[in-house]
2 protein chains.
Amino acid sequence: MDRSPVPDIVIGRLPIYLRALKRLLSEGIEVTSSRELGRWLGISSAQIRKDLSHFGEFGKQGTGYHIGKLCGELEQILNVNREWPVALVGVGDLGRALAHYGGFSHRGFRIAQLFDNDPAKIGQKINELEIMPVNKMGNSIEEARIRVAMIATPADAAQEVADALVKAGIRAILNYAPIALIVPGDIRVQYIDPVIHLQRMTYYLEK
Amino acid sequence: MDRSPVPDIVIGRLPIYLRALKRLLSEGIEVTSSRELGRWLGISSAQIRKDLSHFGEFGKQGTGYHIGKLCGELEQILNVNREWPVALVGVGDLGRALAHYGGFSHRGFRIAQLFDNDPAKIGQKINELEIMPVNKMGNSIEEARIRVAMIATPADAAQEVADALVKAGIRAILNYAPIALIVPGDIRVQYIDPVIHLQRMTYYLEK
DNA sequence: TAGATTGTTAATCGATTAACAATC
DNA sequence: TAGATTGTTAATCGATTAACAATC
């Protein structure tokens with residue numbers, strides 16, 4: 001185990017390990033090895049062991065890893081052994097789909113507040129959760145001490161929304177708008193844009 | 001310019017450059033420099049120049065890059081100077097949102113076929129496009145010679161769907177199901193799972 | 001011309017892998 | 001015990017950056 005700051009690229013793999021391990025657990029498998037896990041994920045066993053070694057010793061020579069235990073460790077490392085309330089801004093088709101998505105709750109997140117600036121949507125409810133106007137966003141997020149947000153607005157609005165979110169105390173933003181956000185250095189941002197992924201693949205396809 | 005195979009990590013940045021450049025274009029800006037582009041994206045200017053140098057010389061000393069020209073070059077490199085028909089499997093909330101999304105067409109993609117296995121959905125139309133049963137998927141994709149697909153099914157179904165897609169001739173899969181797919185080595189796969197991104201950020205947040 | 005910026009080289013930095021002693 | 005697999009070290013591999021001649 002080493003004490004230097006853990007590279008972000010390692011942090012980025014931990015959720016993938018966690019997801020795979022939980023799947024194995026749900027299939028009733030209780031023990032695995034770096035070799036087996038690596039084969040599932042297309043990652044070398046050495047890399048998995050090295051990644052984990054940044055945080056401690058979780059395995060047993062000759063046997064491998066107890067999956068339940070390792071899941072617990074990873075959840076603790078990633079800070080998802082708790083439930084993070086999330087603010088969702090933009091309740092169009094995509095925002096709606098996210099609000100309905102059942103996959104957050106078992107993995108550390110709960111959509112806690114919805115915002116949109118379309119008067120026709122404000123006041124509507126999704127799963128008991130009322131859509132609130134964007135101009136109330138700052139206060140509402142601050143009051144609830146929410147630190148994680150998702151942006152699902154059109155690209156035009158995204159930077160403005162991000163600015164307001166940061167001002168309201170948001171520290172981590174998952175941005176679905178197809179635009180690079182400019183935020184202070186201590187704010188984490190992740191991007192989801194399906195076209196980026198598609199274009200990355202078509203490079204390799206024959207015309 | 002160098003002739004060795006271009007690293008995938010470089011390919012992964014090209015769509016991001018393209019997206020930013022198109023945005024600048026839409027704002028009426030016609031010329032930019034690696035320095036300016038880098039500042040927008042939080043990437044070093046040297047990296048941008050190095051990345052582009054794998055494919056040719058697109059800039060002019062003292063001036064920078066003509067954005068319109070560079071966009072054209074990048075679209076050609078990425079093979080998106082054409083329209084790829086895409087098959088979408090799984091028309092739940094997320095699939096619906098994707099089917100409605102207007103952002104594909106200007107960036108090289110068009111959702112061309114929809115599949116689901118819910119009898120209640122089959123035959124329904126989204127934007128003139130009929131939802132077809134999954135058991136017709138193989139033939140339909142093969143006949144239309146579609147090579148790109150998106151999976152938006154529950155996790156349980158994703159591997160089975162992926163197997164069928166590969167059999168039908170699909171070469172690139174964008175997988176929204178929260179599960180690692182096992183596919184032959186020559187099939188490209190990209191993943192979108194919001195929770196993975198969220199967990200990658202909560203590591204850095206204070207409890 | 002003077003100023004700016006490219007494309008490229010070489011140096012630096014960081015990440016991955018191979019190998020193996022330790023040990024379950 | 002014999003076989004398996006860990007955690008870690010050192011070597012390798014690859015990506016990023018700094019620097020600068022070329023030149024618009």
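Naming convention: chains lettered A, B, ... in sequence-line order (proteins, then strands); numbering from 1 in each chain.
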dT16(D), dT6(C), dT16(C): which one has an atom nearest the side-chain heavy atoms of Ser33(B)? dT6(C)
Would one find more than 12 heavy atoms of other residues, nucleotides or ligands at under 6.0 Å from atom CZ of Arg35(A)? no
Both distances below 3.5 Å, Watson-Crick or wobble geometry, any strand: find the nucleotide opposite dC24(D). dG3(C)
NZ/NE/NH1/NH2 to OD/OE distance under 4.0 Å, Lys136(A) and Glu143(A): no
Look at the side-chain N and O atoms of Ser44(A) and state whether any lies under 4.0 Å from the OP1 or OP2 oxygen of dT17(C). yes
Side chains of Asp8(A) and Tyr204(B): do they bring a donor and an acceptor to under 3.5 Å? yes
Counting only side-chain nitrogens and oxygens, does Arg49(B) get under 4.0 Å of the OP1 or OP2 atom of dG7(C)? no
How many whole angstroms separate atom CG of Leu37(A) from atom C1' of dA4(D)? 17 Å
Is there a side-chain contact between Arg13(A) and the phosphate of dA15(C), meaning an N or O under 4.0 Å from OP1 or OP2? no
Using atom CD of Glu36(A) as one end and atom P of dT5(D) as the other, report the distance to the nearest whole Å. 9 Å
Quick note, Ser53(A) side chain, CB onward, closest among dT8(D), dA18(D), dC24(C) is dT8(D)
Euclidean distance, atom CZ of residue Phe58(B) to atom P of dC24(D) [Å, nearest integer]: 17 Å
Can you figure out which of dT6(C), dT16(D), dT17(D) approaches the side chain of Ile9(B) most closely? dT16(D)
dA11(C) - base-pair partner by Watson-Crick or wobble geometry, distances under 3.5 Å: dT16(D)
Between dT16(C) (P) and Ile43(A) (CD1): distance, integer Å: 9 Å
Lys121(A) side-chain N/O to Ile131(A) backbone N/O, donor-acceptor pair under 3.5 Å: no
Please report the distance, rounded to the nearest Å, between NZ in Lys50(A) and C1' in dC13(D). 14 Å
Identify whether any heavy atom of Ser34(B) sits under 4.0 Å from a base atom; if not, whether one sits that close to sugar-phosphate; answer base, sugar-phosphate or nothing. sugar-phosphate
Taking only N and O in the side chain of Thr63(B), is any of them less than 4.0 Å away from OP1 or OP2 of dT5(C)? no
Would you say Arg82(B) has more than 12 foreign heavy atoms packed within less than 6.0 Å of its CZ? yes
Mapping Leu52(B) and Gln61(A) onto DNA chain C by nearest heavy atom, which one lands closer to the 5' end? Leu52(B)
Measure from NZ on Lys69(A) to P on dC24(C) and round the result to the nearest Å. 13 Å
Side chain of Tyr65(A) only, please: which of dT8(D), dT6(C), dG7(D) is the nearest? dG7(D)
When rounded to whole Å, the CZ to P distance for the pair Arg35(B) and dG3(C) reads 16 Å
Whole-Å distance between dA11(C) P and Gln47(B) CD? 20 Å
